[in-house]
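Proteins get letters first, then strands, A, B, ... in listed order; numbering begins at 1 in each.
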Amino acid sequence: MSEALTIEGLVKQFGGLTATDHLSLSVTQGEVHAVIGPNGAGKTTLIGQLTGEITPDAGTIRFAGRDVTGLAVHRRSMLGLARSFQITNVLADFTARANVALAVQAHQGHSFRFWRKAATDPRLIGPAEEHLATVGLADRADVTASSLSHGEQRQLELAMALATRPAMLLLDEPMAGMGPEDSARMVEILKRLKGELTILLVEHDMDAVFALADRITVLVYGRAIATGAPEQIRNDPDVRAAYLGEETGDA
Amino acid sequence: MQMIRVGFIGLVMLALAVVPVVANAIDEPFYVSLFTRMLVLAIAASSLNLVLGYGGMVSFGHAAYLGLGSYVVGIGFYHAANDGMDWALNGWLHLALAVVIPGMAALLIGAISLRTRGVYFIMITLAFSQMLYYFFIGLERYGGDDGLSLWYLSDFGDVMDLNDDSQLYYLAYGLLVLVLFTLYRLVNSRFGMVVRGAKSNERRLMAVGFPTYRYRLVAFGISGAICGVAGFLMANQSEFVSTSEMHWVHSGDLIVMVVLGGMGTLFGPVLGAVGFLMLEQYLPELMEGVCHIIGGESCGIAGEYWKMVFGPLLILIVLFARGGIDGLLQGKVGRNV
Ligand SMILES: Nc1ncnc2c1ncn2[C@@H]1O[C@H](COP(=O)(O)OP(=O)(O)OP(=O)(O)O)[C@@H](O)[C@H]1O
Ligand SMILES: [Mg+2]
């Protein structure tokens, strides 16, 4: 099987703090690869480097067979790399439909089109409504994003990422702050996407992780302390000590 | 509420359409020039609104594009009058250059300014416009500090005669309508969605694949080009071109007009320009009148202190009327702070 994403020797320091510490990792085409780790382990920082928002100090990132380490954010999106944000990051004053329509528009060639109305363009609205339906927001299309419930905003996050028709999704805690019902629904949505897309899933919700992941990497202080199948990770003594132990302790 | 808003805006546009007719009927030609100024500033404020209201780019230097547009007319006149270059008075040429030159200047200035954000963007746009201001002061040939009096206006041959105030007025009115229609199409197009989206959340727009910089830059260029049209009209209206139009105070006035009328709405800047000039025109008389009514002495002086009321009044409207005049018409009575 081919690798969708390969990270080698990635380093990122914030002042004296090493958020990513010589991290090497590869994600296979079509798999759901979960990245777990305690708060501050560097998961969001890793996603930031993968999308290009954060410039790594060292290391390389290869995606779809090419070195993307120095590539601008929008160019990586064009190559098929899409992210959702840990803290909902949508266009708050736009409707759900307009949010997704813009993401659709970004991947239909340049937008130096000055005359035709975008809000009624079937080439934008059609796909936008499909993606809203995929995440279960079909009947909320006309609602302003800021008026959506927290769970719905998380779904909108995902719809926007999907609307860029990515080859790979980088999901930063898609269930963050969701109740059990919304979480379960999100797991269902992601299960349906599994197989179609390569997914790198950062998530604290262990039920969701074990329900979805083909492989899991455990990140602690910016380093990968273990990578393997879910069963392997569940039984790894280092992982239990560093991370799962405290999680099960909470539960 | 929507009915009131549409009705009011319709009424304003209709009233503006008949100003010369009424002014000539009551034999008060002064009104034609006052209202021409309103139309001209409405165009300039609308151009600023594209970047400020829709794009979230607080340009504090739009007077520069107004000034460049008016200097196209001024410099053309100078060479026609002094060097016998009659073609330099051609109105179509003036109009074309008053679009192209300020547009190009805005692209250049924007290319650098748009790499900065927030206060830095405000300061750098201000700095560029002041640079142009001092550049034109240094151009002794075209009047420098004193400016140029135009004894020929832009020449449109048999098509129209700008020496006729009514014709100039209707040219301004027609151009305002054209500008508003163009902006309406623009802000609702794919391009407009990117510009507005970048105001709302630029980071997200980049994440879904938009190179936002180039769209914001083109919007900035278009804004400068439209503002240049206002400059062209302003020169022909005042029959005078000077650096004072480029002074930063006028950039500030344009911002106030946009905010006063309602940022990011199509007609807001029109209402803002009308409101601004009305206040500027009638506040002194109003204050003098009030002074007489309350039995004050030396009321002539009261009228001279109108700016002390004008400033705070604008600040109050801006702070307490969310969405400006247009917001009030929509029944938004919230505060901005
Ligand atoms: N821009 C920044 N400047 C300085 N320090 C930062 C910055 N961004 C992140 N950090 C630090 O880097 C470390 C890793 O942060 P990161 O957000 O990647 O963690 P995380 O694994 O996503 O945590 P969480 O589970 O809480 O989301 C933290 O200690 C954080 O405080
Ligand atoms: Mg995080």
Heavy-atom cut-off 4.5 Å, strictly under: side chain, backbone, both or neither for Ala82(A) against chain B? neither
List the steps, then state whether side chain to side chain contact (heavy atoms under 4.5 Å, CB included) holds for Arg214(B) with His110(A). CA-CA 11 Å; Arg214(B) 60 185 78 157; His110(A) 68 78; over 6 Å; no
With distance as the sole test, does Asn188(B) use its side chain to make a donor-acceptor pair with the main-chain N or O of Lys117(A) at under 3.5 Å? no
Side chain to side chain contact (heavy atoms under 4.5 Å, CB included) assessment of Met193(B) paired with Phe94(A): CA-CA 10 Å; Met193(B) 294 311 286; Phe94(A) 283 50; 3.8 Å; yes
Could you check which of Asn89(A), Leu124(A), Thr120(A) has the highest count of heavy-atom pairs closer than 4.5 Å to chain B? Asn89(A)
Segment of Val218(B) engaging chain A (4.5 angstrom heavy-atom cut-off): side chain
Report yes if some heavy atom in the side chain of Trp115(A) is under 4.5 Å from a heavy atom in the side chain of Thr182(B); otherwise report no. yes
Can you tell me which of Arg75(A), Glu53(A), Arg76(A) forms the most heavy-atom pairs within a distance under 4.5 Å of chain B? Glu53(A)
Do other residues, nucleotides or ligands put more than 12 heavy atoms under 6.0 Å from Phe14(A) CZ? yes
Considering residues, nucleotides and ligands other than Tyr184(B), do more than 12 of their heavy atoms fall under 6.0 Å from its OH? no
Distance, nearest 0.5 Å, that separates CG of Leu91(A) from CZ of Arg203(B): 12.5 Å
Under 6.0 Å from the CD1 atom of Ile87(A), do we count more than 12 heavy atoms belonging to anything else shown? no
Would Arg196(B) and Asp93(A) pass as an ion pair if we require N to O under 4.0 Å? no
Can you tell me which portion of Thr212(B) sits under 4.5 Å from chain A's heavy atoms? Options are side chain, backbone, both or neither. neither
Around atom CE of Met104(B), are there more than 12 heavy atoms from other residues, nucleotides or ligands closer than 6.0 Å? no
Could you please spell out the steps behind the side chain to side chain contact (heavy atoms under 4.5 Å, CB included) verdict for Phe114(A) and Val187(B)? CA-CA 8 Å; Phe114(A) 300 102; Val187(B) 298; over 6 Å; no
So does Val208(B) get a backbone contact from the side chain of His107(A), meaning a donor-acceptor N/O pair under 3.5 Å? yes
Most heavy-atom pairs under 4.5 Å with chain B, out of Leu102(A), Asp121(A), Leu81(A), belong to Leu102(A)
Going through the checks in order, is the side chain to side chain contact (heavy atoms under 4.5 Å, CB included) test met by Arg113(A) and Phe191(B)? CA-CA 6 Å; Arg113(A) 293 158 203 251; Phe191(B) 173 78; 5.8 Å; no
Kindly give the heavy-atom pair with the smallest separation between Ser111(A) and Tyr215(B), and that separation in Å. N-OH, 2.8 Å
State the CZ-CD distance between Arg190(B) and Gln105(A), to the nearest 0.5 angstrom. 5.0 Å
Name the region of Thr51(A), side chain, backbone, both or neither, that has any atom closer than 4.5 Å to a heavy atom of chain B. neither
Around atom CZ of Arg117(B), are there more than 12 heavy atoms from other residues, nucleotides or ligands closer than 6.0 Å? yes
Among residues 131-160 of chain A, residues within the sub-4.5 Å heavy-atom range of chain B, in order of number, are Glu157(A), Met160(A)
